[in-house]
Protein chains: 2
Amino acid sequence: MKSDRDRSVRLLWEPPAEPTRGPKAALSQSRVVEAAIKVADADGIDALTMRRVAETLGNTAMSLYRHVPGKSELLDLMVDAVWGETEPTPKGPWRAGLEFFARQVWAMYRAHPWMLQLTASRRIPGPHAMTRQDAAYAAVSELGLAAEEIVAVVTTVSHFVDGVGRTMADRVQAERETGVSEEDWWDGREALWEHFTPDRLPMMTHIWNSGGFECLLDEFEFGLARVLDGLAVFIESEERPLVRPQACL
Amino acid sequence: MKSDRDRSVRLLWEPPAEPTRGPKAALSQSRVVEAAIKVADADGIDALTMRRVAETLGNTAMSLYRHVPGKSELLDLMVDAVWGETEPTPKGPWRAGLEFFARQVWAMYRAHPWMLQLTASRRIPGPHAMTRQDAAYAAVSELGLAAEEIVAVVTTVSHFVDGVGRTMADRVQAERETGVSEEDWWDGREALWEHFTPDRLPMMTHIWNSGGFECLLDEFEFGLARVLDGLAVFIESEERPLVRPQACL
DNA sequence: CTTAACTGCTTACGTTGTACACTAGGTGTA
DNA sequence: TACACCTAGTGTACAACGTAAGCAGTTAAG
């Protein structure tokens with residue numbers, strides 16, 4: 001699962017040259033990546049094994065290694081390919097821009113929930129991810145913010161979307177693995193509800209009794225509006241207090 | 001990796017009775033959980049294998065199965081044990097309460113970054129996690145919010161903290177795996193910087209040149225302040241538009 | 001003492017990523 | 001044409017993983 005990271009950089013940023021000699025390749029890097037994404041979409045990231053990807057292509061596991069250095073790099077390529085499906089944030093007012101960016105990322109996570117499960121290790125950012133990021137920064141570039149404030153503002157939105165996304169991704173994965181919907185599953189946890197007593201969990205039981213868990217507000221919409229409101233307070237304020245980490249004071 | 005979930009509920013909520021007969025156990029559930037947490041803290045969640053945990057206890061892998069039904073349940077127990085290390089949110093003004101909650105969770109994630117990597121599947125919430133959640137809801141219970149609004153407000157904070165936490169956790173894991181600090185590592189990616197050209201990534205290069213990436217604002221502090229500002233706007237507004245998912249209209 | 005309950009260990013199996021050595025197929029040069 | 005050389009894909013093998021099954025030793029209850 002290790003990987004030579006400079007090799008990854010080349011892999012992502014410099015498309016491989018076609019070889020002149022030897023037999024024509026039935027497979028190709030993009031076909032492998034495409035198949036891998038399809039597997040992950042269908043059955044989750046845990047189902048993404050080299051053998052499985054090869055199988056869907058009608059080949060053996062080892063054949064993939066002619067086109068992809070290893071699984072880790074395959075994941076890098078998958079991530080950037082998915083970023084490539086999103087639209088870069090267009091120019092315009094900052095709030096509309098950040099909202100657009102957030103919705104694009106959110107849509108991406110909904111289409112490929114496994115994306116959130118493999119940002120885990122230090123992954124090389126690919127060109128698609130980078131241009132999208134760049135366009136998001138551009139959305140808040142005309143506000144007279146300091147460079148590090150631009151980064152901080154976009155990062156705040158990203159963190160929120162990542163947070164919601166992860167919860168959603170977990171839910172999707174669980175529903176696929178168990179074959180039981182979220183609601184049905186919790187309904188079936190009577191053994192758990194027995195421990196919901198007002199003395200141990202007063203607020204929980206209160207919310208439960210008032211139906212607060214039955215029909216939740218849309219977590220993404222609600223949270224995004226709040227986050228953007230909070231950023232508006234910051235952006236529109238006269239003096240902006242900088243919060244720097246200690247190392248930078 | 002599967003697990004009988006009602007068994008998990010009992011495991012988490014109903015502490016096991018001591019057996020009367022048989023040899024005294026050298027191991028115990030809590031010792032196993034404790035050792036597992038230590039392994040994960042030290043070397044990350046990937047290093048958490050049954051063999052490794054057993055080794056640190058001076059036993060063999062299979063001995064653990066006398067005290068813990070399987071790895072999945074061990075993870076459940078670890079998660080709740082770590083929640084047990086946090087302080088429940090005290091009563092007081094809503095903003096101070098939410099901030100306290102956020103800081104507790106943040107501190108927890110910093111101490112145990114692996115927590116964020118294994119919320120993956122549908123995990124049974126344990127008593128500690130639940131009481132902390134309950135106390136967080138209580139922080140916004142006196143504001144005249146609807147039950148689902150209480151949930152949404154706390155959830156928004158959680159999502160943000162989860163988002164920042166994940167980024168942090170990824171960084172920690174990467175630093176441990178590679179033995180290279182974040183900064184040094186990016187410095188070493190010259191192959192990557194070559195592709196940072198103003199025509200492809202105008203904002204990136206601009207921010208880079210103005211030093212915006214060299215000394216980032218504290219992501220947690222900055223974002224938390226914005227999120228709380230945004231929630232304040234919502235909480236203090238006269239009429240609060242409810243954002244319900246379509247299914248609930 | 002006998003017996004039942006319990007602890008911990010040994011062995012073994014299937015699944016994973018992938019190293020290594022191989023065959024079959026194609027292009028260039030002599 | 002003949003040969004050298006590269007390349008695509010295969011087959012086998014290995015170490016590490018979670019854990020099922022069964023066994024040997026230990027202790028308290030009857």
Side-chain angles (χ1 to χ4, degrees), chain A residues 1-4 7-8 11 16-32 35-36 39-40 43-78 114 117-118 120-121 177, chain B residues 1-4 7-8 11 16-32 35-36 39-40 43-78 114 117-118 120-121 177:
Chain A
M1 225 31 164
K2 271 192 203 167
S3 55
D4 172 349
R7 186 179 55 179
S8 286
L11 203 64
E18 299 248 332
T20 67
R21 300 213 277 196
K24 294 266 165 67
L27 262 48
S28 71
Q29 188 174 101
S30 58
R31 287 230 308 148
V32 171
V39 169
D43 294 337
I45 201 66
D46 291 340
L48 187 88
T49 67
M50 300 303 268
R51 286 170 173 85
R52 172 77 188 277
V53 174
E55 194 185 321
T56 68
L57 289 164
N59 291 72
T60 65
M62 290 315 290
S63 69
L64 304 184
Y65 286 84
R66 287 282 157 202
H67 306 274
V68 157
K71 188 176 186 182
S72 178
E73 289 84 355
L74 174 57
L75 296 175
D76 286 341
L77 290 165
M78 289 168 67
W114 46 267
Q117 293 175 271
L118 45 73
S121 57
E177 278 179 7
Chain B
M1 226 27 167
K2 273 192 200 167
S3 56
D4 172 349
R7 184 178 58 180
S8 287
L11 203 64
E18 298 249 334
T20 66
R21 299 211 275 195
K24 294 268 163 66
L27 261 48
S28 70
Q29 188 173 101
S30 58
R31 283 201 56 205
V32 172
V39 169
D43 294 338
I45 201 66
D46 291 341
L48 187 88
T49 67
M50 300 303 269
R51 288 172 172 86
R52 172 79 187 277
V53 174
E55 194 184 320
T56 68
L57 289 164
N59 291 71
T60 64
M62 290 313 291
S63 68
L64 304 184
Y65 286 84
R66 289 282 163 208
H67 306 274
V68 156
K71 188 176 186 181
S72 178
E73 290 83 354
L74 174 57
L75 296 176
D76 286 341
L77 290 164
M78 290 168 68
W114 45 267
Q117 294 175 271
L118 47 70
S121 57
E177 279 178 7

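Worth saying up front: this structure is predicted, and the values here are computed from it rather than measured. Lettering of chains follows the sequences in order, A, B, ..., and the numbering in each one begins at 1.
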Minimum heavy-atom separation for B/Ala35 to B/Thr56, with atom names?
CB-OG1, 3.8 Å
In whole angstrom, give the distance that lies between atom CZ of B/Arg51 and atom C1' of C/dA12.
11 Å
Let's test your reading of the model: under 3.5 Å, does the base of C/dT16 pair with the side chain of A/Arg52 as donor and acceptor?
no
By salt bridge (Lys or Arg N to Asp or Glu O under 4.0 Å) - contacts of A/Asp46 (at least two apart):
none
Please state how far atom NE2 in B/His67 lies from atom C1' in D/dT19, giving the value in whole angstrom units.
16 Å
Counting any heavy atom closer than 4.0 Å, what does A/Thr49 reach on the DNA or RNA strands: base, sugar-phosphate only, or nothing?
sugar-phosphate
When you check the phosphate oxygens OP1 and OP2 of D/dT10, does a side-chain N or O of A/Ser63 lie under 4.0 Å from one of them?
yes
Search all heavy atoms of A/Val39 against all heavy atoms of A/Ala47 and return the closest pair with its distance.
CG1-O, 3.8 Å
Between A/Arg66 and A/Leu48, which is nearer to the 5' end of DNA chain C once each is assigned its nearest nucleotide?
A/Leu48
Whole-Å distance, B/Asp46 CG to D/dA16 C1', equals 13 Å
To the nearest Å, how far apart are B/Met62 CE and D/dC17 C1'?
13 Å
What's the shortest heavy-atom distance between A/Leu11 and A/Pro69, and which atoms?
CD2-CD, 3.7 Å
Between C1' on C/dT15 and CD on A/Glu55, what's the gap in Å once rounded to a whole number?
14 Å
Side chain of B/Lys71 only, heavy atoms from C-beta on: which candidate in C/dG8, C/dG17, D/dG18 is closest?
D/dG18
Grab the CG-P distance between A/Asn59 and D/dG11 for me, whole Å please.
11 Å
Specify the separation, in whole Å, of atom CD of B/Glu73 and atom C1' of D/dG18.
12 Å
Kindly compute the distance separating CG (A/Asn59) from CZ (A/Arg31), expressed to the nearest 0.5 Å.
7.5 Å
Out of D/dG9, D/dG18, D/dT10, which has the shortest distance to the side chain of B/Met50?
D/dG18
Rounded to whole Å, CG of B/Leu75 lies from C1' of D/dT19 at a distance of 14 Å
